[in-house]
Amino acid sequence: MIALNAVHPATQFRFNESDPVLKSALDQRVSVSPLKDRIKIYQGDINEIVNQVCGEIQTLDKIRGSLNLAFLDPEGLELKWSTIKQLASIKRMDLIINFSTGGLVRAIGKGYIDVVDQFFGTDKWREVDIYPNNPPARRRALIDFYRKNLEKFGYHIEIDPNLGGDDIAFNNSKNAQVYSLIFASKHELGDKFWKQAAKNVKPPRLPGF
Ligand SMILES: C[S@@+](CC[C@H](N)C(=O)[O-])C[C@H]1O[C@@H](n2cnc3c(N)ncnc32)[C@H](O)[C@@H]1O
């Protein structure tokens, strides 16, 4: 909804929601947008739908170059690294990823190791998960490991532990971090825009956590 109401909106939008009831709510919401002709909505698992979306972008890229932004907003660890890799294969694809630090720590705690491996696309995350008694340091190490792995796709990632990196953290009422918004661009202008935008964000407390 925010993207549809932007001052300079994109020329095309792709939305995806796996839950049929929520997909129907999404259909209704976007149907009243003046930009509804620019919108295509999918219903499915993003880890499969991504093939279709990337295929469409690649077709478009052959005709004229496209500039893309993927906003990935999972609840937990359902977003697989293979999906990130596929999105990253598009030449100009900026990423905003809602990284569920709370979900990640819970999944590790419950022993859902296969899910965590698919989320990171590797089992090497174990090597940075070395702060069992220091939750902030543990979250920082896991987020930075994820962000650093984006570098191999050509994204610029500055890891500055003193500044907390370039993600925006969302805390719960006990001041523990539950989500962290990660941005990645292959172009320095993208980084510049994100930094400017991030300056104006007051991270909200998430109710109910
Ligand atoms: C955090 S919510 C997104 C909320 C939405 N961005 C908004 O602001 O209203 C995550 C959504 O992802 C959907 N979801 C969960 N697993 C999914 C998957 N594998 N593929 C696509 N959507 C999924 C859930 O049904 C849920 O609606």
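These figures come from a predicted structure and were not determined experimentally. One-based numbering, in listed order, for ligands and for the atoms of each.
Of the residues listed (Phe119, Trp125, Tyr155), the one engaging Tyr146 in a ring-ring contact (aromatic ring centres under 6.0 Å, His included) is Phe119, and it is the only one.
In this structure, Asp117 pairs ionically with Arg126, as a charged nitrogen and a carboxylate oxygen lie closer than 4.0 Å. With respect to the salt-bridge test (charged N to carboxylate O, under 4.0 angstrom), the residues Asp27 and Lys23 qualify.
Counting only residues at least two apart or on different chains, no salt bridge (Lys or Arg N to Asp or Glu O under 4.0 Å) pair has a member in residues 71-87.
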Report all N/O contacts between ligand 1 and the protein shorter than 3.5 Å as a table of atom names and distances to 0.1 Å; if there are none, say 'none'.
from	atom 1	to	atom 2	distance (Å)
ligand 1	6 (N)	Asp73	OD2	2.6
ligand 1	14 (N)	Ser18	OG	3.3
ligand 1	19 (N)	Asp45	OD1	2.9
ligand 1	20 (N)	Gly44	O	3.4
ligand 1	20 (N)	Ile46	N	2.9
ligand 1	22 (N)	Ser18	N	3.4
ligand 1	22 (N)	Ser18	OG	3.3
ligand 1	25 (O)	Glu17	OE2	2.6
ligand 1	27 (O)	Glu17	OE1	2.6
ligand 1	27 (O)	Glu17	OE2	3.3

Can you list the steps and then say if Asp61 with Lys91 is a salt bridge (Lys or Arg N to Asp or Glu O under 4.0 Å)? CA-CA 9 Å; Asp61 269 347; Lys91 193 172 168 202; over 6 Å; no
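Heavy-atom contacts from other residues, nucleotides or ligands closer than 6.0 Å to OH of Tyr112 number 12 or fewer.
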